[in-house]
4 protein chains.
Amino acid sequence: MTGETRRPHTGRRRNEAARRAILDVAVELLGGTGDTPVTIDTIAAAAGVGKQTIYRWWPSKGAVLLEAVAERAGADIPVPDTGSLLGDLGGFLRATFRAVGHERTVSVLRHAMAEAQRDPHAGEHMRAFIAGRRAVLRGLLERARDRGEVSPGTDLDLVVDQAYGVLWYRILVGHAPLSATEADALARALTAQVRG
Amino acid sequence: MTGETRRPHTGRRRNEAARRAILDVAVELLGGTGDTPVTIDTIAAAAGVGKQTIYRWWPSKGAVLLEAVAERAGADIPVPDTGSLLGDLGGFLRATFRAVGHERTVSVLRHAMAEAQRDPHAGEHMRAFIAGRRAVLRGLLERARDRGEVSPGTDLDLVVDQAYGVLWYRILVGHAPLSATEADALARALTAQVRG
Amino acid sequence: MTGETRRPHTGRRRNEAARRAILDVAVELLGGTGDTPVTIDTIAAAAGVGKQTIYRWWPSKGAVLLEAVAERAGADIPVPDTGSLLGDLGGFLRATFRAVGHERTVSVLRHAMAEAQRDPHAGEHMRAFIAGRRAVLRGLLERARDRGEVSPGTDLDLVVDQAYGVLWYRILVGHAPLSATEADALARALTAQVRG
Amino acid sequence: MTGETRRPHTGRRRNEAARRAILDVAVELLGGTGDTPVTIDTIAAAAGVGKQTIYRWWPSKGAVLLEAVAERAGADIPVPDTGSLLGDLGGFLRATFRAVGHERTVSVLRHAMAEAQRDPHAGEHMRAFIAGRRAVLRGLLERARDRGEVSPGTDLDLVVDQAYGVLWYRILVGHAPLSATEADALARALTAQVRG
DNA sequence: CCCTAAACGAGACGGTACGTCCGGTCTTAAT
DNA sequence: ATTAAGACCGGACGTACCGTCTCGTTTAGGG
């Protein structure tokens, strides 16, 4: 998969290169065609790592997967500052939907969420990841509220739930696309909702 | 689990009692404490059934679980007719949240959705179930639109996604409760949004 | 290895063909060149069997190996009846040494005895196998005693220990050959000893 | 296990105290109850030593165990000089059986012999150890032969094989005790055998 | 009214993945 | 330079679960 070049040992300290290889391979396999199963054995083999090196640092397969996914997803989603709620929210959701819109990413996130339901360790990672993303979006909304674009008494957490709820619902059920058009529609709807 | 009383054979016709026992046990185990794993073997044993009897009628484990879940969830959610969107939507969401609010039901749905991500048969069942629920809610919204309570050009499917998105998002992540209060807040938010 | 022809299932009864394939492969691997490790996985693979089929019927790897070995070794060692102790004992030991003299068989027995020291199940099997072989040789000696060829008061069990002791000692340490010449020398020595 | 007192580094010279601790711990663990597995890790930990310190001086685990065992067993077995074969042989075998008769020692030797079958280094050590013990016993027999107590043409190596064969056979199979009574019976039998 | 075909309970089976254990190698940091 | 510490790769272990298969039993319904 990767790791053709010999990876040197690092003695009694954790080998960061091995950690990287494991997480990279995990994401690669999760987003793959599905012909290679996403197994601890396949991850270890593709990363050129012993299974024990995985279990030394992660408590379960789900934990590896979730850490790998959480590290990727959410990175590189800029928080725009256009001066208006509709602009900010639209930009943010477009970027989010675009990042998630790839077939591979949808596959990764679907399986990550599934794993989080079975593996308590994965669930913990998932909750932490979700909380992080929610905080970012809530910050965006709070800025708009401070500008007076949100009617007082609006439950911002509920707005956040609606945005991410629609996203995850579509990821998991697959009944509707996740494109820029949909992102804009959602942004307009939520903006109208909070306008008061 | 159940099935203490001997279940008589039915000769060369499908044994309806066995089918019932299988689906009942499946839901029972899915909603259990998790100390009993939900496997085909445990289902078969608890239902007093041979594994082949399961695989004769369902193509995979996921199909059994999803059929069991779909049969339960969604039943007994009345569609109110109060004459106003807020009343109808509030009533519907309160009933839905109440049905889902039990710890056991949340567990059942969590695992059902997880299974739907892995097992194509389960995924198919899940999509059909989801489509059914969406149709009900969309019907409620269309009635309101016909009454003039919804501004023209509103994307009703997006509203449906927002409602069920919030529901599933909270079921799967578990970061917020699912009570009547939340149902009402969501109903008010969506009503405000579509009012135009 | 073997088993190119499809092996039919036998329903809810133990599959005797699978049992045979497992034991045959075990002996084959034990006596092999050593380039294929004797592993539950390799045995299962070579026998065309799932690992669980092995663990369903044997408690541990050692138990499989010992049953396989015990079934082979000791079979086809005839108990001669020449009318004299020297003739009987010589014939028996020659046959025994010849059966064991092959490089492959030595390898099998060495590893079997080693396994018996580590795996309690294997130890139990080994003791039973050893007891069986001892009983045969002791019977031979008792016949000679009844003919008056053994001085009264001779401890026949000690004589048996001397014969099999030499055999196993040489198998395990490998410092001396196991040929017909050695068998005859041992038979003469023991005959002289018990003559009185 | 031991090593509570800090053992000082000795810079660039081999640390003799570490070597001692390793061998002592090895024997201690081999003779233990079996609840602590005898692995390189447990030996290193109990000896307060790094694994590399073991592998710097021994080529494999088996080599450590065999050196530890060979160093102990065979020490303190005096070669008596009573003037008669029966006396000398009886005394030697009684001392040998007594040294081996302890439950712990039997366990140590059992596992050492098992290791010798798997690990070539251990096998080499074992053969050397065995050769040493054989030479001692053969010397005893040669003295008797020189005194005329052994009939000409007797194969002394075969006699040695019988003595140690009985010993090891009983150690490994455990079907008979190893006490002074048994030592005497064996001495009498062998004396009668070689008397001619 | 019997006889055959289908459904059933039971459970062995081949296969795949899990998470643990251990042997032997390697690097770091301390002495 | 040697040591204690311990991470690392490789690979075997024994368990769990899936979906398939066969057996022997039971009943319904066609001849």
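Below, read A as the first sequence line, B as the second, and so on, with proteins coming before strands; counting in each chain starts at 1.
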E16(A) atom CD is separated from dT28(E) atom C1', nearest whole Å, by 16 Å

* **Any T53(A) side-chain nitrogen or oxygen under 4.0 Å from OP1 or OP2 of dC9(F)** => yes

Atom NE2 of H121(C) and atom P of dC13(F) are separated, to the nearest Å, by 15 Å

In whole angstroms, the gap separating C1' of dC17(F) from CZ of R118(B) amounts to 13 Å

Smallest heavy-atom separation, A122(B) atom then L66(B) atom, equals O-CG, 3.4 Å

- Heavy-atom donor-acceptor pair, R110(C) side chain to G174(C) backbone, under 3.5 Å: no

Report all interatomic pairs (protein N or O, nucleotide N or O of nucleotides 2-6 of chain E) with separations under 3.5 Å.
none

Rounded to whole Å, the CG-P distance (N15(C) to dG15(E)) equals 13 Å

**Message:** Taking V38(D)'s backbone N and O only, do any of them form a donor-acceptor pair with K61(D)'s side chain (distance below 3.5 Å, no angle check)?
**Reply:** yes

With sugar-phosphate taken as primed atoms, P, OP1 and OP2 and all else as base, the protein-contact string of nucleotides 18-24 of chain E at under 4.0 Å (heavy atoms; B, S, -) is SBBBSSB

query = What nucleic acid atoms does R14(B) come within less than 4.0 Å of, heavy atoms only: base, sugar-phosphate, or nothing?
reply = sugar-phosphate

Q: Inspect the contact between R20(D) and E71(D) and indicate whether a charged nitrogen and a carboxylate oxygen are less than 4.0 angstrom apart.
A: yes

**Message:** At less than 4.0 Å, is any side-chain N or O atom of R7(A) found next to OP1 or OP2 of dC8(F)? Yes or no.
**Reply:** no

R19(D) CZ to dA4(F) C1', in whole Å, measures 19 Å

Atom CD1 of I22(B) and atom C1' of dG9(E) are separated, to the nearest Å, by 11 Å

Taken to the nearest whole Å, CD1/I54(C) to P/dA12(F) is 14 Å

Check your understanding: Does the distance from a Lys or Arg side-chain N to an Asp or Glu carboxylate O, for E115(A) and R118(B), drop under 4.0 Å?
Key -> yes

(request) Using a strict 4.0 Å threshold on nitrogen-to-oxygen distance, state whether E67(A) and R19(A) make a salt bridge. (result) yes

Under 4.0 Å, heavy atoms only, any strand: does W57(A) hit a base, just the sugar-phosphate, or nothing? sugar-phosphate

